[in-house]
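Worksheet: one structure, shown below.
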Amino acid sequence: MSLYQNNELRIYNSMNGEKEVFQSITEGRIGMYVCGPTVYSNVHLGNCRTFISFDMIFRYLKHLGYKVRYVRNITDAGHLTDDADQGEDKISKKARLEKIEPMEVVQQYTIDFHTVMKQFNAFPPSIEPTATGHIVEQIEIIKTIIDNGYAYEKNGSIYFDVVKFNKDHHYGKLSGRNLEDMMANSRELAAQSDKSNPADFALWKKASPEHIMRWPSPWGDGFPGWHLECTVMSSKYLGETFDIHGGGMDLKFPHHECEIAQGEAAHGHSPVNYWMHANMLTLNGQKMSKSTGNSILPVELFTGDNDFMQKAFSPSVVRFFMMQAHYRSILDFSNDAILAAEKGFNRLTEAMKLMNQLPISKTSSVDVASWKSKCYAAMNDDFNTPILVAELFDAVKMIHTINDGNATITKEDLDDLSTGMNAFFYDILGLQNAQEETGGSLNKGLDGAMKLIIDLRATARANKDWSTSDKIRDELAAAGIALKDGVDGTSYSVE
RNA sequence: GGUACCAUGGCCGAGCGGCUAGGCAUGGGUCUGCAAAACCUAGUACAGCGGUUCGAAUCCGCUUGGUACCUCCA
């Protein structure tokens, strides 16, 4: 019996704004698609929040025993700098500016993205398809949409006919808009546009002679529109209707709206059962954005080399910081907030170490079973990680109370607690402790050396040679190593 | 201008009709050669103004402030 059979998972569906009991299309299996990055620059921390949120969701679904096929694309073509006809493909533009091949741009930033995701301990998706790898499929679906009467050709480009589509379907249902309002309130029209209506969007763009990224098509050389790749790749790998589609909140309109339109225009039915949107990470109260300079790169955070934070933070601390907020809430990133998260995180990892050496009793005065069920209840309620974290701190308190002899626990319960803590901390929240992050082996030599130093200092202290013992402590502190004199001896921690 | 969303104690951040969220910081205490760390413990907040209700941070209305989308954005 799998866990999902006795856990009622509820997911907030952006389509109707309600938490719904999750039911997969195929028993025990889930298809999940998440819009990936456009690889024309380094991913910043805001981009990462979305992928970390969905990594947590992926992890919990797997934990519940589902077989999840998680598809996350790499956009390596077709993402225009703007929606006007003179709009340039972002990757082409970068390649032109740096005088390199577009695929060099793609390769460089794809590698960067993977590196960062690995640092954040995010699982790779099951399939990571690229737009350029699916040009043939995109051309095919355009033909289908044209055949179904929802697209038209103009000067070698193909546009989706939103007005026509809206007569038979509702364009705007995900983002709560309707076409009439949008047309009435749209900003100045691009007068020179080939579109018959400003709300229409490109499925295929004709390539100008100097455009490097181009593919042959029935309509001449060109490149695909941005929205199309997700429709094509999700339906190819997950089917015409699949369980979960995720992405950043900012993709809700127009990107996801267009995906729905394309799916319905091509296949005649809705492509997705549950739409999930991760909210934005802000910096100084403003959305992170590369173009405005209001963004921070993960590497700048890990090294401390940035203008916003007073010190460096490890990937797990950053991840933990994100997990302390709900994925649907806007989260503001600040020095004070991450500093507070780091302290809490350390307290959590220390307690987990302590958990492994707790005294065993014949009876338990703590209720591990109910603790565990509260953890599951939190996650089952639309992946409420902040509540889960609060429960984890409840367990921290439990561990200390037992350690202090004010509560007791049986071997069975302790095993249960330990299994639970490890599952939620490592497997589901995807956190790691400091040793794991640095690879563990690095600390071995240091451990030996520190043991020697601590022994020498213990001898000095036993001889009441305070000047020596304080000199050791102070100079180590200056070197970034803090000594902690506990009841059971001295331990150390590296900043 | 249009459409959403949000305003919670010093800070971050859950809750969304009745019960202490949690973390950080702060005060008090235990421990300690001193210090740090660790642990224990204290604090009762929901933008403003009306309304609904036996009861509202939680529902409704208005006001004020903020953010996002409507161009590219995770």
Side-chain angles (χ1 to χ4, degrees), chain A residues 17 34-38 40-41 43-54 79-84 87-88 90 172 175-178 181-188 190 199 226 246-255 257 277-282 285-292 295 320-321 324-326 328-348 350-351 354 378 381 384-394 396-397 400-401 403-404 406 461 464-466 469-470 473-474 477 482-488 490-493:
Chain A
V34 173
C35 294
T38 303
Y40 73 106
S41 67
V43 285
H44 64 240
L45 197 64
N47 298 316
C48 295
R49 209 255 276 210
T50 298
F51 304 125
I52 290 170
S53 293
F54 283 102
H79 206 155
L80 302 183
T81 50
D82 61 63
D83 199 34
E88 197 173 359
K90 280 192 169 180
S175 52
R177 295 156 206 250
N178 65 67
D181 289 350
M182 282 191 273
M183 283 163 59
N185 294 303
S186 66
R187 296 201 180 143
E188 296 159 42
W226 171 40
M249 199 72 107
D250 50 353
L251 297 185
K252 207 171 180 180
F253 188 91
H255 186 236
E257 208 68 77
H277 290 96
N279 219 137
M280 300 292 102
L281 183 72
T282 60
Q286 302 280 133
K287 180 182 166 181
M288 276 200 205
S289 153
K290 190 135 201 291
S291 50
T292 61
S295 69
F320 178 74
F321 167 76
Q324 278 193 300
H326 190 93
R328 279 192 289 114
S329 298
I330 292 170
L331 176 61
D332 191 52
F333 196 76
S334 67
N335 188 253
D336 286 354
I338 187 79
L339 224 40
E342 184 179 50
K343 291 195 175 161
F345 177 78
N346 288 150
R347 209 156 77 80
L348 198 48
E350 288 302 314
L354 188 61
D381 184 16
N384 199 323
T385 55
I387 298 271
L388 174 64
V389 170
E391 297 300 342
L392 258 31
F393 278 105
D394 248 29
V396 169
K397 192 157 192 169
H400 289 311
T401 312
N403 189 242
D404 294 346
N406 295 322
R461 291 178 72 204
K464 297 198 193 299
D465 179 5
W466 308 129
S469 75
D470 288 354
R473 185 174 69 196
D474 294 347
L483 290 181
K484 300 169 189 176
D485 296 327
V487 187
D488 309 320
T490 303
S491 61
Y492 75 96
S493 64

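In what follows, every chain begins at residue 1, and chains take the letters A, B, ... in the order their sequences are listed.
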Please measure how far the [atom1] atom in [N] lies from the corresponding atom in [M], and state the result in whole Å.
N: B:C46; M: B:A4; atom1: C1'; value: 23 Å
N: B:U30; M: B:A36; atom1: P; value: 14 Å
N: B:G50; M: B:G43; atom1: C1'; value: 31 Å
N: B:C6; M: B:A57; atom1: C1'; value: 14 Å
N: B:C24; M: B:A42; atom1: P; value: 15 Å
N: B:A38; M: B:G23; atom1: P; value: 13 Å
N: B:G13; M: B:G1; atom1: C1'; value: 34 Å
N: B:C59; M: B:G17; atom1: P; value: 7 Å

Between [options], spot the one nearest the side chain of [X], thanks.
X: A:Asp250; options: B:C24, B:A14, B:A74; result: B:A74
X: A:Ile387; options: B:A21, B:A74, B:A36; result: B:A21
X: A:Phe253; options: B:G22, B:C69, B:A74; result: B:C69
X: A:Ile330; options: B:C70, B:C34, B:U67; result: B:U67
X: A:Arg461; options: B:G13, B:A74, B:G33; result: B:G33
X: A:Asp485; options: B:A35, B:G2, B:G23; result: B:A35
X: A:Ala340; options: B:C69, B:G23, B:A74; result: B:G23

*Under the criteria of a ring-centre distance below 5.5 Å and an interplanar angle below 30°, is A:Trp466 stacked with the base of B:G33?*
yes
Considering only heavy atoms and no angle criterion, is a donor-acceptor pair shorter than 3.5 Å present between the side chain of [X] and the base of [N]?
X: A:Arg473; N: B:A36; value: no
X: A:Asp470; N: B:G33; value: yes
X: A:Asn279; N: B:A68; value: no
X: A:Ser329; N: B:G13; value: no

Just by modelled atom types, is the [Y] backbone N or O under 3.5 Å from a matching donor or acceptor in the [X] side chain?
X: A:Asp381; Y: A:Asn384; answer: no
X: A:Asn406; Y: A:Thr401; answer: no
X: A:Glu257; Y: A:Ser175; answer: yes

[X] has an atom [atom1]; how far is it from atom [atom2] of [N], in whole Å?
X: A:Asp474; N: B:C34; atom1: CG; atom2: P; answer: 16 Å
X: A:Asp394; N: B:U20; atom1: CG; atom2: C1'; answer: 11 Å
X: A:Asp332; N: B:C12; atom1: CG; atom2: C1'; answer: 9 Å
X: A:Leu331; N: B:G13; atom1: CG; atom2: P; answer: 6 Å
X: A:Leu348; N: B:C24; atom1: CG; atom2: C1'; answer: 14 Å
X: A:His326; N: B:C6; atom1: NE2; atom2: C1'; answer: 15 Å
X: A:Asn178; N: B:U3; atom1: CG; atom2: C1'; answer: 10 Å
X: A:Ile338; N: B:G13; atom1: CD1; atom2: P; answer: 12 Å

For [N], take OP1 and OP2 only and decide whether either is under 4.0 Å from a side-chain N or O of [X].
X: A:Lys343; N: B:G23; result: no
X: A:Lys287; N: B:C69; result: yes
X: A:Gln286; N: B:A68; result: yes

*side chain to side chain contact (heavy atoms under 4.5 Å, CB included) between A:Thr292 and A:Gln286, intermediate numbers included*: CA-CA 10 Å; A:Thr292 61; A:Gln286 302 280 133; over 6 Å; no
*Considering heavy-atom distances to RNA chain B, does A:Asp381 or A:Phe321 have its closest nucleotide positioned more toward the 5' end?*
A:Phe321
How long is the gap from [atom1] on [X] to [atom2] on [Y], to the nearest 0.5 Å?
X: A:Met288; Y: A:Phe333; atom1: CE; atom2: CZ; answer: 6.5 Å
X: A:Asn47; Y: A:Ser41; atom1: CG; atom2: OG; answer: 7.5 Å
X: A:Ile330; Y: A:Arg49; atom1: CD1; atom2: CZ; answer: 8.5 Å
X: A:Thr385; Y: A:Gln324; atom1: OG1; atom2: CD; answer: 9.0 Å

Across the strands shown, which category fits [X] at heavy-atom distances under 4.0 angstrom: base, sugar-phosphate, nothing?
X: A:Gly46; answer: base
X: A:Asn384; answer: sugar-phosphate
X: A:Ala325; answer: sugar-phosphate

*Charged N-O contact under 4.0 Å between A:Lys397 and A:Asp394*: no
Where do N or O atoms of nucleotides 40-42 of chain B meet protein N or O atoms at under 3.5 Å, pair by pair?
{"residue": "B:U41", "atom": "OP2", "partner": "A:Lys397", "partner atom": "NZ", "Å": "3.3"}

_More than 12 heavy atoms of other residues, nucleotides or ligands under 6.0 Å from NZ of A:Lys290: yes or no?_
no
*Run the numbers on A:Leu251 and A:His277 for side chain to side chain contact (heavy atoms under 4.5 Å, CB included), then give the verdict.*
CA-CA 8 Å; A:Leu251 297 185; A:His277 290 96; 5.5 Å; no
_Whether A:Trp226 and A:His255 hold their rings parallel, tilted or perpendicular, with breakpoints at 30° and 60°_ = parallel
_If you apply the rule side chain to side chain contact (heavy atoms under 4.5 Å, CB included), what do you find for A:Leu331 with A:Asn279, and how did you get there?_
CA-CA 8 Å; A:Leu331 176 61; A:Asn279 219 137; over 6 Å; no
*In dot-bracket notation, what is the pairing pattern of RNA chain B, taking Watson-Crick (N1-N3 plus N6-O4 or O6-N4) and G-U wobble (N1-O2 and O6-N3) contacts under 3.5 Å, with [ ] crossing and | for other strands?*
(((((((..(((.....[...))).(((((.......)))))....(((((..]....))))))))))))....
